[in-house]
Amino acid sequence: MRRSTAAAVGTLTGAALIIGVRLSVAAPAVTAAPPPVDLSDTDLAGSEVSDGQAGEAGQPTPSGSGKASKEASGKGSTETSGKQKNKEKEKKPAEPSDGGARQDGPADGVYRGSAVTNPYGTVRVSIKISDGKISAVDATYPTTADSGRINPPAVAALKQETLKAQSADVDAVSGATFTSESYVKSLQAALDSAGA
Amino acid sequence: MRHVEMVMGTAVSIELADPLPDARLRELIGDVCAWLHEVDERFSTYRPDSEVNRLQRGAVRLEDCSADLRDVLGACADLWRSTDGFFDVYATGGLDPSGYVKGWSVEVASARLAAAGARRHHINAGGDVRVRGDAERPWRIGVRHPTEADRVSWVLGVTDGAVATSGRYERGDHVRNPRTGRAACGLASATVVGPDLALADAYATAAIAMGQAGIDWLATRVADGYESAVVTDDGRAYTSAGLPVLS
């Protein structure tokens, strides 16, 4: 009894504290820009850097799809390629990237997005382009002021790896079915019949 | 004992692995199925008299709704905030909390099974999986490959937790970006692994709606115990550091 009471009180206190923190920081109406990415071109550590302006054309936007981003970047490269090429000249010989030479996509290098502020803090995303494709993504979450209490000190974005296809020696498959029609053909069905 | 039930517009497979008498296992599976059908009747947007639809058309006031529905709507409101609006029960126009309800109902079913003594089991509701078991024998959960339907991209080892995958490969343009109203694009599939299936499912769906930005957003969920794996439209794969990958 006593322990459960204490537990309940503890839980409620915790919840109150969490709510308190939220309220103290909160901006209830989420009208700000969507979460991460608003990329303007800039370089990353160890690569050539072009310091982009926020919202510069041609960079992926938060709601952007891969395709849209790519198209946008492609278009943007016409506008920004001059800048990129200038950067190329300053480039240190150590960087093996074939940079601004590409016509069909963004130049190789590291691009840092402009800082985007949402109600919970400011997010800044960096991407690395290799062979015209994004090869690494990183995001930083400043720990200053209020945001440090809610955002983790630093959140590394997910790490890229190679997509593999393998046969399933599994108990269940996530994502294998959405509808009853497709179920008939699905891997989940095969597993179920195998186990029946 | 294995069972497949067609309910909530999808196939739900249930496996109970505890050495209980067959009659008891059948009874427990029957309880799970009855609960899922009950949820379908109360929350489906396809049934005119469901509680959700009655609330939507104003036939019942929110304060007169069941505690379950009020809890669900409260959780959906929290998700709307935590996803910056990308998880939106009004994304299709009317009230449709089914993106949360399926995972929630399976969570409830799994908890009831455990309480009834069936502690090692898995429930797979149309590709959203909740498992319970013992650490020595983790369940092997495959993550469907986004383009090769009979292959998996990863095999995860999960003892007690949820694995939800949202993908555009089957539902086509089903997932929309609520900000633009257009079909989401950028990510082919997103998988989230964590303690609660309803949240894992909502996070995966929100990431798909975000598109490319979802990769970074999912990274922010790691602090809450939700690991993730993502495949982009152009075939890149991303995983969080703590994803329990077996192979």
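The figures that follow rest on heavy atoms only: side chains count, while hydrogens, waters and symmetry mates do not. All of these numbers come straight from a predicted model, not from anything done at the bench. Throughout, a chain's letter reflects where its sequence line sits, starting with A, and its residues are numbered from 1.
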query: Is there side-chain contact between B/Leu156 and B/Val245, with heavy atoms separated by less than 4.5 Å?
result: yes
- line: Scored by heavy-atom pairs under 4.5 Å with chain A, the best of B/Pro146, B/Ser153, B/Ser240 is B/Ser153
message: Listing request: all ring-ring contact (aromatic ring centres under 6.0 Å, His included) pairs with a residue in residues 141-166 of chain B, at least two apart in sequence or in separate chains.
response: none
message: Taking ring-ring contact (aromatic ring centres under 6.0 Å, His included) as the cut-off, I'd like each qualifying pair that reaches into residues 190-214 of chain B, sequence neighbours left out, listed once.
response: B/Tyr203-B/Trp217, B/Tyr203-B/Tyr226
message: Between B/Leu246, B/Leu218, B/Val143, B/Val163, who has the most heavy-atom pairs with chain A when the cutoff is under 4.5 Å?
response: B/Val163
query: Quick one: what part of B/Thr147 sits under 4.5 Å from any heavy atom of chain A, side chain, backbone, both or neither?
result: neither
B/Arg130 to B/Trp139 six-membered ring, cation-pi geometry met (6.0 Å, 45°): no
